[in-house]
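So the structure is just underneath, and the comments pick up after that.
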Amino acid sequence: MCKKPLAQTNYISLRLNFLNPVQSKKMEYKFAEIEPKWQKYWEDNKTFKTEDDFSKPKYYILDMFPYPSGAGLHVGHPEGYTATDIVSRYKRMKGFNVLHPMGYDAFGLPAEQYAIQTGTHPAVTTQKNCDNFRRQIKAIGLSYDWDREINTTDTKYFKWTQWIFKKLYETWFDEEQQKGRPISELVIPQEIQTKGKEAVNEYISGKRLAYYDNAQVWWCDSCKTVCANEEVLTDGSHEKCGHQVLRKNLKQWLLRIPHYGERLLNGLENLDWPEGVKDMQRNWIGKSSGAEVDFEIDGLGKKLRVYTTRPDTLFGATYMVIAPEHDLVNEIVTADKKEAVENYIKVAALKSDLDRTDLAKVKTGEFTGRYAVNPVNKTLIPIWVADYVLLGYGTGAIMAVPAHDTRDFEFAETFDIPIICILDPKDAANREEILAGKACWTEDGVYINSASSKTGLDINGLNKVAGIQKTVEWLEQLGIGKATTNFKLRDWLFSRQRYWGEPFPVIHWEDGEVTLVEDENLPLELPELEEYKPSETGESPLANASDWLIVTDKNGRKGRRETNTMPQWAGSCWYYLRYIDPLNEESIFDVRKERYWMPVDLYIGGAEHAVLHLLYSRFWHKVLFDLGIVSTDEPFQKLFNQGMILAFAYETSTGAKVSSDLVEEKEGKYFHTETGEELRQIVAKMSKSLKNVINPDDVIERYGADALRLYEMFMGPLDERKPWAENGVKGVFNFLARVYRFFGNRENIVEGEEDKELAKLLHQTIQKVELDIGNLKFNTGIAALMVFNNLAIKKGKVAKETAKIFAKILSPYAPHMGEELWSMYGDTETLAYEPWPMVDQSLLTEDTHEYPVSFNGKMRFKIELPMDMEQAEVEKTVLEDPRSEKWLEGKTVRKFIYVPKKIINVAVG
RNA sequence: GCCCGGGUGGCGGAAUUGGUAGACGCGCUGGAUUCAAAAUCCAGUUCCGGCAACGGAGUGCGGGUUCGAUUCCCGCCCCGGGUACCA
């Protein structure tokens, strides 16, 4: 922020005005009195308590609930909250039963870190932070039903998170029906049953949506803690301490989300979501179709299975690659290559994911000494090990077609492997190069060199689509391949080695059996601890809670509770369902209430959740739907992302950032207070280091909640990123003060008929505000309200009816002001449920229109014409108008365009 | 690299989706009020030329379609977000 203390001055003078009895007589806008008064009224009267009145049309409008950080609310939070609040208030006035709740996603690392440092229980920190958030949110005047507040760390809440986990554990996915079904309905194949109980259990485990297995995690040996992916920097060091992190294998819970890949993909079709978010989810799910093909390994009597999206290019396969971690590596590698390959695998294992991708532009690999037989032409092709092939995708092995795949091309060039072009790129500029194997071509073309007398397959002359089809049919007929689809989406690592999360309701018994805690014993609460540090072994701090940890069943068998806890996603995956019936102790929610309220009609939050939260939520919801627990296949009908609020920051000519307290403004330019150097104003994220963080509390103190709300909405389109500018707050504050001075002064409010021009504008404004709320275009709605206010002030007097309508249509944006004016006009009830004013269309229809008249597309003058005038008459009137003379001089009219209610354009030449 | 967004006055941003480019707000300039300031009110404010009427240019750049393009098409440049060898 610039140091020019403009706002400060305003604030002081404003305060002085409050103290001045002469001034206050003049209807000064005393937001600091008005706003708390109405907030208290709403709270005392439970104005926004939502009843489950099934006879009314419903509207469920949801904010992404916040993580209650110690720093409190920043101005980004109220942006989305204000938007949903405006829609909520509008919908209530339109007669909808509105569900508009708020809560806290309160598990998370910071409270735990603080506990490790200070010994304060995370629940204490969390409670404090939640209280602060609630206070801040209430100060904005948002119309939440606070009786429905939820908190993911509340045992009454996470009891049901644990309950859902149990459901996931007890569900398998029926591929045929594309549906999750209870484990009890899983048919165990005969050959498994004959192998005994252990085999059966293993079979079932292989099907459950939640399973327990070894998984690799990042481990910081210095912090003795597991780190999340995002805590690991690109150079492989831990963000917090700078030490190198290691890969470590730990027992983990995983969820089989890829089973729902197809459903998650198809479900996007009918959702009213931003296309960008849908694209991101589609990308993340990453469905591809292709084929699996078996290659005989020469001299081993085994097959190597590959996945390819381009089975049509089999004739161009000149080598194969298997991932370093592939099961068959040891068998495939020949004795003379063993040492080299083993070395290569060791080096690859040490690389982080990022080393293997981003940083390693040069492809590496090692020949195994072994060959495979290309099934389409019986040619022997070498098998390599290379880390550009990933074990986790497809089959962990590929056939490489360097002529038509850029990665394979790079690899073949590096290791001098033959490149055979089999697809003639008819129109490519570099066709000769491609045909000679000197360049890569990944687009469509006509097959060449794609026939073999040894196998009889011939696709020469076909194009890509036909080539794929014919090759797959051929492979399937011979039983050496089949059409397959694949997903990039991986199993979801669903456990953390943390204290402050939901405990898994799981017991591992000494005999190897795993059981779940009975429903009647839920919630399984967290034990009290003295020490929140993770254990030496990498287990969560829960491993230290011996009383809690060890259990004994009625037969004396000993068991150990699961020490992992659930990730923060767990609580946020289903919170929108609990708002429906938050106090229900008997069940997760009342079925009738769920049927009434779901789906969420409008969901607003940050784009940072475009993929993970929304995908995980949809996954859980679909499972619950399959089990008949919820009534809709998708949870969120309409989604909208608010853009990030940024702040101005300053940098020197060399790009060095300058903290905002060292910047002063002089005549629109910015200078360093110490060096005097001229600085450039830029837009950046708010940060402590730049000292440009805006706290909503300060804004409310200086300008009031209504001004904060209005400015957040007036800044620009809701979905765009935009910089905070204090002068902008001043602008909307001035508007509110003008409204109050005019509409709050009884002398200006008169009985009787409204002025015609003002009445027309009023109804245009109602229409505009209504339309803009529907389209979430709040900035232009506010502009319309300002235009109306300006005209009303110009007119000097308004009819009481006009003033009442204006108070109503202003109230979703500035609810305190709305209520204050409403009560001044004599009403004793809140206006929150007053019917939204009807637009009087008769006032809006016009019988004349002012047309802009253009000559060759350039506007020259305006002319008022009756709406029903015939084209010929319009033409005559316009061309005979004296103002046309100048533009027609020496020219002939070639064309006369008349678009009713729009424009008149004369083409001359 | 690929996939999405986005480039409009001094600034935040409007433009009924092909029809008056710059609504509304900030800032700035001038005036009224005031002992003075703040606040308030009035007028002006895309740029260039002109006292003005008015004229010319103008929505990142270069082409195109059209009576008419910020909007549609083709080719570039810049900024932001997502993603990372997915075979």
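Every chain is numbered from 1, with letters handed out A, B, ... down the list of sequences.
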Could you tell me whether [X] contacts a base, only the sugar-phosphate backbone, or nothing, with contacts defined as non-hydrogen atoms closer than 4.0 Å?
X      : answer
A/N790 : sugar-phosphate
A/S288 : sugar-phosphate
A/N734 : sugar-phosphate
A/K768 : nothing
A/G286 : nothing

Given atom [atom1] of [X] and atom [atom2] of [N], what is their separation to the nearest angstrom?
X      : N      : atom1 : atom2 : result
A/K287 : B/rC3  : NZ    : P     : 20 Å
A/Y703 : B/rC26 : OH    : P     : 12 Å
A/F648 : B/rC11 : CZ    : P     : 10 Å
A/I903 : B/rU16 : CD1   : C1'   : 14 Å
A/M859 : B/rA69 : CE    : P     : 15 Å
A/F742 : B/rU40 : CZ    : P     : 17 Å
A/N641 : B/rC4  : CG    : C1'   : 12 Å
A/M715 : B/rC26 : CE    : C1'   : 12 Å

Among [options], find the nucleotide with the atom closest to the side chain of [X].
X      : options                : answer
A/V899 : B/rG25, B/rU40, B/rG19 : B/rG19
A/D279 : B/rA87, B/rU20, B/rC4  : B/rC4
A/A907 : B/rA15, B/rC85, B/rC67 : B/rC67
A/M786 : B/rA87, B/rG25, B/rC85 : B/rG25
A/I897 : B/rG13, B/rC3, B/rG19  : B/rG19
A/D405 : B/rG6, B/rG25, B/rA87  : B/rA87
A/T309 : B/rU20, B/rA87, B/rU40 : B/rA87
A/K722 : B/rA15, B/rG12, B/rC85 : B/rG12
A/N905 : B/rG12, B/rA87, B/rG19 : B/rG19
A/P717 : B/rA14, B/rG19, B/rC85 : B/rA14

Query - Where at least one partner belongs to residues 707-719 of chain A, residue pairs that pass side chain to side chain donor-acceptor pair (under 3.5 Å), sequence neighbours excluded - result: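 Sorted pair list: A/D85-A/R709.
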Check your understanding: Considering residues, nucleotides and ligands other than A/K303, do more than 12 of their heavy atoms fall under 6.0 Å from its NZ?
Key ->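 No.
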Count the heavy atoms of every other residue, nucleotide or ligand shown that sit under 6.0 Å from CD of A/E885, and state whether that count exceeds 12.
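Count not over threshold, so no.
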Pairwise [atom1] distance for [N] and [M], with rounding to whole Å:
N      : M      : atom1 : value
B/rG9  : B/rG5  : C1'   : 24 Å
B/rC61 : B/rC78 : P     : 15 Å
B/rG44 : B/rC67 : P     : 38 Å
B/rG68 : B/rC51 : C1'   : 35 Å
B/rU59 : B/rU8  : C1'   : 4 Å
B/rG7  : B/rC76 : C1'   : 14 Å
B/rC28 : B/rU83 : C1'   : 45 Å
B/rU17 : B/rG49 : P     : 38 Å

Discussion item. Looking at every non-hydrogen atom in both residues, tell me the closest pair between A/M686 and A/V75 and how far apart they are.
Written reply: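 Minimum heavy-atom contact is CE-CG2, 3.4 Å.
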Sub-3.5 Å pairs of nitrogen or oxygen atoms, protein against nucleotides 73-83 of chain B:
from	atom 1	to	atom 2	distance (Å)
B/rG80	O2'	A/R721	NE	3.4

Show me the protein contacts with nucleotides 58-64 of chain B, counting only N or O atoms at under 3.5 Å.
none

Tell me whether the OP1 or OP2 atom of [N] has a side-chain N or O from [X] closer than 4.0 Å.
X      : N      : answer
A/N779 : B/rA14 : yes
A/N789 : B/rC24 : no
A/K730 : B/rG27 : yes

Within the side chain of [X], is there an N or O that forms a donor-acceptor pair under 3.5 Å with the backbone of [Y]?
X      : Y      : result
A/Y29  : A/F733 : no
A/Q281 : A/L265 : no
A/K464 : A/D312 : no
A/N374 : A/T318 : no
A/R741 : A/V739 : no

Candidate pair A/K722 and A/E79, rule salt bridge (Lys or Arg N to Asp or Glu O under 4.0 Å), full reasoning:
CA-CA 11 Å; A/K722 47 217 169 247; A/E79 190 191 12; 2.7 Å; yes
- Query: Please walk me through it: do A/Q767 and A/Q764 pass side-chain contact (heavy atoms from CB on, under 4.5 Å)?
  - Reply: CA-CA 5 Å; A/Q767 194 168 47; A/Q764 281 172 338; 5.5 Å; no
Applying the ring-ring contact (aromatic ring centres under 6.0 Å, His included) criterion to A/Y319, which one of A/F295, A/F411, A/F409 satisfies it?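 The option that passes is A/F411.
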Chi-angle category of B/rG9 [syn within 90° of 0, anti beyond] =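 The base of B/rG9 is oriented syn (glycosidic angle within 90° of 0).
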Just the atom pairs and distances: protein N or O near nucleotides 52-55 of chain B's N or O, under 3.5 Å.
from	atom 1	to	atom 2	distance (Å)
B/rC54	O3'	A/K886	NZ	3.4
B/rG55	OP1	A/K886	NZ	3.3

Note to self: Set out, in order, the CA-CA distance, both residues' side-chain angles and the distance that settles salt bridge (Lys or Arg N to Asp or Glu O under 4.0 Å) for A/K363 and A/E413, then state yes or no.
What the structure shows: CA-CA 10 Å; A/K363 298 232 175 343; A/E413 288 227 300; over 6 Å; no
- Reference residue A/F788; test side-chain contact (heavy atoms from CB on, under 4.5 Å); the match among A/I809, A/L810, A/V769, A/L762: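 Of the listed residues A/I809, A/L810, A/V769, A/L762, the side-chain contact (heavy atoms from CB on, under 4.5 Å) partner of A/F788 is A/L762.
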Each base of RNA chain B marked ( ) or [ ] if paired in-strand (Watson-Crick or G-U under 3.5 Å), | if paired to another strand and . if unpaired gives (((((((..(((......[....)))((((((.......))))))((((....))))..(((((..]....))))))))))))....
Just the table, please: protein N/O against nucleotides 41-47 of chain B N/O, every pair under 3.5 Å.
from	atom 1	to	atom 2	distance (Å)
B/rC41	OP1	A/R738	NH1	2.5

